Undergrad: 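The structure that follows is given in the form of structure tokens.
None of these values were measured; they are calculated from a predicted model. Letters A, B, ... are given to chains in the order of the sequence lines, protein chains preceding strands, and every chain is numbered from 1. FYI, side chains are in, hydrogens and waters are out, and symmetry mates aren't considered; it's all heavy atoms of this structure.
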2 protein chains.
Amino acid sequence: MKEIEKKLQFRNIKPTSMRLLVYKVLKKKQKAISLYEIEQEFDNVDRSTIFRTLKTFQTKYLIHSVDDGTGAVKYALCDDDCTCSLNDLHVHFLCNKCGQTFCFKEVPVPIPKLPEDFSFESANFVVKGICSTCK
Amino acid sequence: MKEIEKKLQFRNIKPTSMRLLVYKVLKKKQKAISLYEIEQEFDNVDRSTIFRTLKTFQTKYLIHSVDDGTGAVKYALCDDDCTCSLNDLHVHFLCNKCGQTFCFKEVPVPIPKLPEDFSFESANFVVKGICSTCK
DNA sequence: TAACTAATTGCAATACTGTTGCACTAGCTT
DNA sequence: AAGCTAGTGCAACAGTATTGCAATTAGTTA
């Protein structure tokens, strides 16, 4: 498990046990998951601790967040070389059936032509439909 | 103001005074606005009434909603011929400076190529940046 | 017009997610 | 060991969304 410690250290995050645990959950899920879902993975971990862990991870570009419209923000691991810049933006997919949110890292967010004088800084693109499992 | 009454009736919504008021606010703003913002336009109107009014409007495709990631869902008027189907999807723009959310009805949501067996039903595409006024 | 019915509204309470203050703890440094 | 700093847990709170229920209004019928 030194592997994970290295990942955290590479991002300048001290690898505490809590952080390793949260990381592992995100890794295992392979999807964008909510704070609540992470909380459910543990027995006695405080919500605020997870909350702050996620904030830390996000600040260091270890994870990114998506607002898929379900009311809860979801989090997913970034790629190793991610800096959460425009190039790293990708489409997310919310399954209307199972409610799971997928990261489509290979599908970049298309940049539409905006009206004059509107600048593009970032974007949140969530596609909704039925996933391959629920189909 | 018979104009507005007709619009509501056309959508099968009984034009009560509250509903006309809420409609007027949405019309006036010409942007996507939150329940809270609508509430601020009145002195003594209950939040839940506005809430239910919006739900009614939305069910009848008179308005559509956007989740722009600010924490509050925002609502905006639909075009007359809107049925909130795929064709009616358009890009929304959140200004990072003034916090206002714009409907870009002339900018359709691009449909990306999804992995096999994932179906497209709808989408929420919010672009964030600086609007022409704040520029 | 009076009575009746159904839809709408207002009030109050609650749920859910996110967020913060504060005290305690663990781990590192001197 | 003493001191320092970051991290954690607890508890409380904030903001938005949502619901139950009673009061009101509007529309309909006799």
Undergrad: Counting only side-chain heavy atoms from C-beta out, which of C:dT17, D:dT8, C:dG10 sits nearest to B:Asp46?
TA: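 So the nucleotide nearest the side chain must be C:dG10.
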Undergrad: Calculate, to the nearest 0.5 Å, the distance between atoms NZ and NZ belonging to B:Lys27 and B:Lys7 respectively.
TA: 4.5 Å
Undergrad: Heavy-atom count around B:Phe42 CZ within 6.0 Å, excluding the residue itself: above 12?
TA: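 Count over threshold, so yes.
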Undergrad: Mind checking if B:Ser48 touches a base, just sugar-phosphate, or nothing, with heavy atoms under 4.0 Å?
TA: base
Undergrad: Among the nucleotides D:dA17, D:dT8, C:dG10, which one has an atom lying closest to any side-chain atom of B:Val73?
TA: D:dA17
Undergrad: What is the distance from CD of B:Glu39 to P of C:dT9, rounded to the nearest Å?
TA: 15 Å
Undergrad: Please report the distance, rounded to the nearest Å, between CZ in A:Phe51 and C1' in C:dT17.
TA: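 Distance, rounded to whole Å: 10 Å.
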Undergrad: Grab the CD-P distance between B:Glu5 and D:dA26 for me, whole Å please.
TA: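 Atom CD in B:Glu5 sits about 12 Å away from atom P in D:dA26.
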Undergrad: Nearest whole angstrom, please: distance from the P of C:dT8 to the CD1 of B:Ile13.
TA: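 My rounded result for the distance is 10 Å.
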Undergrad: Using atom NZ of B:Lys74 as one end and atom P of D:dA17 as the other, report the distance to the nearest whole Å.
TA: 11 Å
Undergrad: Name the one of A:Ile4, A:Ile50, A:Thr53 that satisfies side-chain contact (heavy atoms from CB on, under 4.5 Å) with A:Arg19?
TA: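 In the set A:Ile4, A:Ile50, A:Thr53, the residue that makes a side-chain contact (heavy atoms from CB on, under 4.5 Å) with A:Arg19 is A:Thr53.
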Undergrad: Are there over 12 heavy-atom neighbours, none belonging to A:Phe104, within less than 6.0 Å of that residue's CZ?
TA: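 More than 12 within 6.0 Å, yes.
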Undergrad: Between atom CG in B:Asn44 and atom P in D:dA23, what is the gap in whole Å?
TA: 20 Å
Undergrad: Strictly below 4.0 Å: does B:Thr16 bring a side-chain N or O up to OP1 or OP2 of C:dT8?
TA: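 False: B:Thr16 side-chain N/O out of range (4.0 Å or more) of C:dT8 OP1/OP2.
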Undergrad: Over how many whole Å does the gap from B:Phe57 atom CZ to C:dT8 atom P extend?
TA: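 So the two atoms are 11 Å apart, to the nearest Å.
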Undergrad: Using whole Å, what does the distance between atom C1' of nucleotide C:dA26 and atom CG of A:Leu20 come to?
TA: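 Whole-Å distance recorded here is 15 Å.
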Undergrad: What I want to check is whether the side chains of A:Lys74 and A:Thr101 have a donor and an acceptor closer together than 3.5 Å.
TA: yes
Undergrad: Closer to the 5' end of DNA chain D via nearest nucleotide, is it A:Arg19 or B:Leu35?
TA: A:Arg19
Undergrad: Quick one: is C:dT19 close enough that its OP1 or OP2 comes under 4.0 Å of any side-chain N or O from A:Lys55?
TA: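 The answer is yes; a side-chain N or O of A:Lys55 sits under 4.0 Å from OP1 or OP2.
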Undergrad: Does C:dA6 have OP1 or OP2 sitting under 4.0 Å from an N or O in the side chain of B:Lys14?
TA: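 No, B:Lys14 has no side-chain N/O under 4.0 Å of OP1/OP2 on C:dA6.
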